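These figures come from a predicted structure and were not determined experimentally.
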Amino acid sequence: MKLLVVSDSHGSKSEIKELAEKYDGEVNAMIHCGDSELSADDAALTPYLAVRGNCDMDARLPEDLIERVDGETILVTHGHLYGIKMSLMKLRYKAEESGAKFVFFGHSHTLGAEIAGGTLFLNPGSILLPRGRQERTYALVDASDHSIKVQFLTHEHELVEEQEFSV
């Protein structure tokens, strides 16, 4: 399973449109973790499994998505409703409740990935307004039966960081 994960584009359509075009046919799903500031039916957002962030006004975007992709359960949320800037504990409980093996969230504009309880928790950073670093980032997740590879890339598709997890 290969996934594109992006977040916090804050009204900028060009970045997410370009990513969707670049990875069309190469990934099993494209995920937007909120604060797109676009309407649910905006053409730039429609290729994505997208959720509503604290800056999104369109109530048609769900606060959480639980989806099956390539046989795996994924949970997508923005993170503000789970207090992710303080702790991932509430999000861990939601992941356990939903049976998610992959959890994708944004909100903090800070990239990061970790495995907790056999579940990948990933924040792709921000494709527009990063915090804690200068690179505007997104993530690619490549998962097999026994490993998960996460690549964080800049908006210019240059590798920033790579992590590999055994599961």
Side-chain angles (χ1 to χ4, degrees), residues 1-9 15-16 19-20 22-36 45 47-54 61-127 130-133 135-155 157-167:
M1 173 177 71
K2 192 166 186 179
L3 305 169
L4 165 67
V5 186
V6 65
S7 191
D8 296 282
S9 52
E15 283 84 359
I16 62 173
L19 286 174
K22 178 174 177 56
Y23 291 103
D24 183 39
E26 292 184 30
V27 295
N28 297 88
M30 298 181 203
I31 296 160
H32 195 297
C33 300
D35 277 0
S36 67
L45 195 58
Y48 293 86
L49 297 172
V51 294
R52 184 169 65 229
N54 57 300
L61 291 167
E63 292 176 346
D64 298 326
L65 271 177
I66 299 168
E67 295 282 336
R68 298 277 295 169
V69 177
D70 202 31
E72 299 290 353
T73 302
I74 64 168
L75 167 63
V76 183
T77 192
H78 186 57
H80 64 297
L81 300 174
Y82 295 93
I84 61 94
K85 289 183 180 180
M86 300 298 287
S87 165
L88 293 183
M89 192 55 71
K90 290 180 184 177
L91 197 51
R92 282 187 70 179
Y93 290 144
K94 180 68 176 180
E96 287 176 21
E97 179 184 285
S98 64
K101 185 175 177 183
F102 299 88
V103 178
F104 304 115
F105 62 98
H107 187 53
S108 68
H109 295 221
T110 306
L111 66 83
E114 68 179 74
I115 297 280
T119 299
L120 174 69
F121 291 83
L122 182 139
N123 185 328
S126 173
I127 196 68
R131 292 188 187 133
R133 64 184 327 125
E135 300 93 355
R136 299 160 33 196
T137 58
Y138 67 97
L140 289 176
V141 176
D142 196 351
S144 66
D145 290 338
H146 304 291
S147 69
I148 300 171
K149 180 178 171 183
V150 176
Q151 292 181 312
F152 293 102
L153 299 112
T154 69
H155 70 289
H157 318 295
E158 296 171 354
L159 184 64
V160 173
E161 187 178 320
E162 185 170 281
Q163 297 179 9
E164 196 150 346
F165 303 97
S166 296
V167 287

Please find the pair of heavy atoms, one from [X] and one from [Y], that lie closest to each other, and give the distance.
| X | Y | value |
| --- | --- | --- |
| Asp8 | Gly125 | OD2-O, 4.2 Å |
| Ser36 | Leu45 | OG-CD2, 3.6 Å |
| Pro124 | Phe152 | CA-CE2, 4.0 Å |
| Val69 | Ala29 | CG1-CB, 4.0 Å |
| Gly117 | Arg92 | N-NH2, 4.0 Å |
| Ile66 | Ser98 | CD1-CB, 3.5 Å |

From [atom1] ([X]) to [atom2] ([Y]), nearest 0.5 Å:
| X | Y | atom1 | atom2 | result |
| --- | --- | --- | --- | --- |
| Leu49 | Ile74 | CG | CD1 | 5.5 Å |
| Leu91 | Leu75 | CG | CG | 6.0 Å |
| Leu153 | Thr137 | CG | OG1 | 9.0 Å |
| Arg68 | Thr73 | CZ | OG1 | 4.0 Å |
| Thr154 | Arg133 | OG1 | CZ | 10.5 Å |

Under a 3.5 Å distance rule, please check whether Asn28 uses its side chain to pair with a backbone N or O of Lys2 as donor and acceptor.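 A pair under 3.5 Å: yes.
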Donor-acceptor check, side chain of Tyr48 to backbone of Ile16, threshold 3.5 angstrom: yes or no?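 Looks like yes, one N/O pair under 3.5 Å.
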All side-chain hydrogen bond (donor to acceptor under 3.5 Å, both in side chains) counterparts of Glu72, not counting sequence neighbours: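 Counting only residues at least two positions away or on another chain, Glu72 forms no side-chain hydrogen bond (donor to acceptor under 3.5 Å, both in side chains).
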Which residues pass the side-chain hydrogen bond (donor to acceptor under 3.5 Å, both in side chains) test with Tyr82, not counting sequence neighbours?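 Tyr82 satisfies side-chain hydrogen bond (donor to acceptor under 3.5 Å, both in side chains) with Asp64 only.
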Could you tell me if the side chain of [Y] sits less than 4.5 Å from the side chain of [X], heavy atoms only?
| X | Y | result |
| --- | --- | --- |
| Asp35 | Ser7 | no |
| Asp142 | Leu140 | no |
| Glu67 | Ile31 | no |
| Val103 | Leu88 | no |
| Lys90 | Ile84 | no |

Apply the test side-chain contact (heavy atoms from CB on, under 4.5 Å) to residues Glu63 and Leu81: give CA-CA distance (whole Å), side-chain angles for both, the deciding distance (0.1 Å), then the verdict. CA-CA 9 Å; Glu63 292 176 346; Leu81 300 174; 3.5 Å; yes
Holding to side chain to side chain contact (heavy atoms under 4.5 Å, CB included), I want the full list of residues that pass it with Thr110, two or more places apart in sequence or in another chain.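 With neighbours one apart ignored, the set is Ser108, Arg131.
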Can you tell which of Glu15, His32, His155 makes a side-chain hydrogen bond (donor to acceptor under 3.5 Å, both in side chains) with Ser9?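 Output: one option passes, namely His32.
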Under the ring-ring contact (aromatic ring centres under 6.0 Å, His included) test, residues paired with Phe121 that sit two or more places apart: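 If we apply the ring-ring contact (aromatic ring centres under 6.0 Å, His included) test to Phe121, skipping adjacent residues, there are no hits.
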Run the ring-ring contact (aromatic ring centres under 6.0 Å, His included) test against His80 and tell me which residues pass, sequence neighbours left out.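 His78, His107.
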Donor-acceptor list for residues 158-167 side chains, cut-off 3.5 Å, not counting sequence neighbours:
from, atom 1, to, atom 2, distance (Å)
Glu161, OE2, Gln163, NE2, 2.6
Glu162, OE1, Gln151, NE2, 2.8

Please evaluate residues Phe104 and Leu65 with respect to the criterion side-chain contact (heavy atoms from CB on, under 4.5 Å), reporting the C-alpha separation (whole Å), side-chain torsions for both, the decisive distance (0.1 Å), and the verdict. CA-CA 10 Å; Phe104 304 115; Leu65 271 177; over 6 Å; no
With respect to Phe105, which candidate in Val51, Asn123, Leu122 satisfies the side chain to side chain contact (heavy atoms under 4.5 Å, CB included) definition?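 Single pass found, and it is Asn123.
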